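Okay, structure first, notes after.
The first residue of the sequence shown is numbered 1, and numbering continues consecutively from there. Please read these numbers as outputs of a predicted model, since none were measured by experiment.
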Amino acid sequence: MKKILQKSTRWLDLFSCVIKISPGLFFAEYLVSGIYGISLAFTPLCMERIFEAIAKLARQEILPIQMLSPILILLGVNIISEISAGISDYLGETYSDLAGQKLYSEINKKIGTLPAIDFENTDTLNLINKSYEGAYYVRGMVHTVMDLLTMYIPYIVIYAWYLYHCRPILPVALIMIFAPIAISQIVKKRSYAQLEDDSAPVRRMREHLAECIASKEYIVESRGLGAQPFLFQKYWAVQDDLNRHVMRIQKKNCKIDTVCILLNALGFLGVIFLLVESVSKQYIELGSFVAVFASVRTVYQQVDEVINIRAGELSSAVVKVNNYLRFCKLSGEEYRNEPIPTIQHISVNNISFQYPNGKDALRNISFDADRGDLIAIVGENGSGKTTLCSLLSRFYEPQQGQILLDGRDIRELSLSCLRNAIGVVQQDVYLFSGSVIENILYGKKDASRQDAIEAAKKAGAHEF
């Protein structure tokens, strides 16, 4: 029960997140969607009235002018149906764009708060990769559920009531269509989950190789060293591997769909048989028979869309959205606004650090430094110099030992406070696209142009 409540709360939070993007637009879309579903469901009833009127006209029980009323009602219902469908589609596309922008922005913000050590973890990198795809499906999943609640379910319920009104056994026809597709979706959901887990690391490798082949950062090395043929060969090998994963699942799902289509066809024939038997035994009038027969194909298409397409989308989306939710649960770094301290003394006491891959970077390192000291830490590549700087800035946390700033544990300071007090110049410096002054300004969000000029003078870079 506790698990069910947790899942329910999680999905409600997800819906709340999507709704908050634009509540007015959200509810307008599904109000119109509901109108479309209801108008579609009343179409058979309107058709029945027309066929009954035709039969009465043939028996000269009514005048021709009296045919006008049921025809106009059917025309009005069809107009409402078409207009509401168009408006719903337009609102849906607009909302989808807004949701995509918002959710991708939230992912980027979240990534910006993740501890640096997470980027050394392959599982976390795979989860980040999958979270973008999951965010894309968040809106789609909410849209599918809302369409089911506001359009398809009202349509099917009203149509089932209409069939029951004609003859109580006729709603069984809907079950004959529903059951095979519902069972197939349960089986296919597991396949999609397996595909997502298998393909994420392969997809990430493909994206990395594509970057090595085409991005500005790698172009000099890849072309200058003649590495592109090798990279292309590797890229297509990874793409073939990804295709094999997808094809394996698609073949399995095609077999399931084939069986499902055959069972649906039998269900469709069963509906026709029930209708013929009902009219032959005079359980229903000829007008009802014609109306149901004329609309059964539409109902079949709607039910097929609900389960085979929409439920299929939902099965695939749930897996991907779960990855997005898992990403959202990752712990991020917290920033508090505190005065920037003037550090007088740093004490590093027996710190050790190991990367997630098991590689020891530092072991039992200790030293002290006072304000104004100039200390050189020398070592060969991979000896842990950069890792030590990352520990001082709390990009990483030591597994053992502690770092004290003026006798205070470094973990007691807020990250924004600490990182404003410590500056690190990496061996590989990245310049953002933009002017030199913009690259200086990004280090402090409330800095002015004059502040940037003063900083450049202190660094001896003003003339440049």
Please report the closest heavy-atom contact between [X] and [Y], naming both atoms and the distance.
X: Asn364; Y: Ser352; value: N-OG, 2.9 Å
X: Pro154; Y: Leu149; value: CD-O, 3.3 Å
X: Ala99; Y: Ile21; value: CA-CD1, 3.5 Å
X: Leu391; Y: Glu397; value: CD2-C, 3.7 Å
X: Ile107; Y: Ser131; value: CD1-O, 3.4 Å

Using a 4.5 Å cut-off on heavy atoms from C-beta on, say whether the side chain of [Y] contacts that of [X].
X: Phe353; Y: Asp360; value: no
X: Asn322; Y: Phe327; value: no
X: Ile38; Y: Tyr155; value: no
X: Tyr235; Y: His208; value: no
X: Asn439; Y: Val436; value: no
X: Asp241; Y: Trp236; value: no
X: Met146; Y: Phe15; value: yes
X: Val348; Y: Leu404; value: no

Verify, without hydrogens or angle tests, whether [X] (side chain) and [Y] (backbone) share a donor-acceptor contact under 3.5 angstrom.
X: Tyr36; Y: Ile80; value: no
X: Asp451; Y: Ser448; value: yes
X: Ser88; Y: Ala85; value: no
X: Lys320; Y: Lys130; value: no
X: Ser390; Y: Thr386; value: yes
X: Ser81; Y: Val77; value: no

What's the verdict on side chain to side chain contact (heavy atoms under 4.5 Å, CB included) for Thr94 and Ser22, showing C-alpha distance, side-chain angles and the deciding distance? CA-CA 11 Å; Thr94 303; Ser22 178; over 6 Å; no

Can you tell me how far the [atom1] atom of [X] sits from the [atom2] atom of [Y], to the nearest 0.5 Å?
X: Gln354; Y: Gln399; atom1: CD; atom2: CD; answer: 6.0 Å
X: Ile343; Y: Ile410; atom1: CD1; atom2: CD1; answer: 7.5 Å
X: Ile403; Y: Ile346; atom1: CD1; atom2: CD1; answer: 8.5 Å
X: Leu91; Y: Ser33; atom1: CG; atom2: OG; answer: 10.0 Å
X: Glu438; Y: Arg449; atom1: CD; atom2: CZ; answer: 9.5 Å
X: Leu330; Y: Leu127; atom1: CG; atom2: CG; answer: 5.5 Å

Begin with the C-alpha distance, continue with both residues' side-chain angles, and end with the deciding distance and a verdict on side chain to side chain contact (heavy atoms under 4.5 Å, CB included) for Leu209 and Phe232. CA-CA 8 Å; Leu209 289 168; Phe232 272 112; over 6 Å; no

Could you tell me if the ring centre of Tyr355 sits under 6.0 Å from that of Tyr396?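 Yes, the ring of Tyr355 comes within the 6.0 Å limit of the ring of Tyr396, centre to centre.
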
Would Lys110 and Glu106 pass as an ion pair if we require N to O under 4.0 Å?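 No, Lys110 and Glu106 are not salt-bridged.
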
I'd like to know if Arg139 and Glu93 make a salt bridge, using a cut-off of under 4.0 Å between side-chain N and carboxylate O.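 So Arg139 does not pair with Glu93 through a salt bridge.
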
Test Lys458 against Glu454 for salt bridge (charged side-chain N to carboxylate O under 4.0 Å, His left out), laying out the working first. CA-CA 6 Å; Lys458 288 178 181 179; Glu454 291 300 323; over 6 Å; no

Pair His143, Tyr137 - check side chain to side chain donor-acceptor pair (under 3.5 Å), show working. CA-CA 9 Å; His143 177 63; Tyr137 280 91; over 6 Å; no

Could you tell me whether [X] atom [atom1] has more than 12 heavy atoms of other residues or ligands within 6.0 Å of it?
X: Tyr90; atom1: OH; answer: no
X: Lys385; atom1: NZ; answer: yes
X: Phe42; atom1: CZ; answer: no
X: Gln233; atom1: CD; answer: no

Show your working on side chain to side chain donor-acceptor pair (under 3.5 Å) between Gln239 and Asn243 and close with a plain yes or no. CA-CA 6 Å; Gln239 182 63 56; Asn243 290 342; 3.0 Å; yes

Could you please spell out the steps behind the side chain to side chain contact (heavy atoms under 4.5 Å, CB included) verdict for Leu362 and Ile365? CA-CA 7 Å; Leu362 298 169; Ile365 302 296; 4.0 Å; yes

Suppose we screen for side chain to side chain donor-acceptor pair (under 3.5 Å). Which residues come up paired with Lys234, at least two apart in sequence or across chains? none

Side chains of Tyr132 and Asn108, donor plus acceptor under 3.5 Å: yes

Compute whether any side-chain donor of one residue and acceptor of the other, for Glu207 and Asn129, lie under 3.5 angstrom apart.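 Result is yes, a qualifying pair exists.
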
Please evaluate residues Gln400 and Asn350 with respect to the criterion side chain to side chain contact (heavy atoms under 4.5 Å, CB included), reporting the C-alpha separation (whole Å), side-chain torsions for both, the decisive distance (0.1 Å), and the verdict. CA-CA 7 Å; Gln400 293 178 3; Asn350 295 314; over 6 Å; no

What residues form a ring pair (Phe, Tyr, Trp, His ring centres under 6.0 Å) with Tyr136, not counting sequence neighbours?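 Counting only residues at least two positions away or on another chain, Tyr136 forms no ring pair (Phe, Tyr, Trp, His ring centres under 6.0 Å).
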
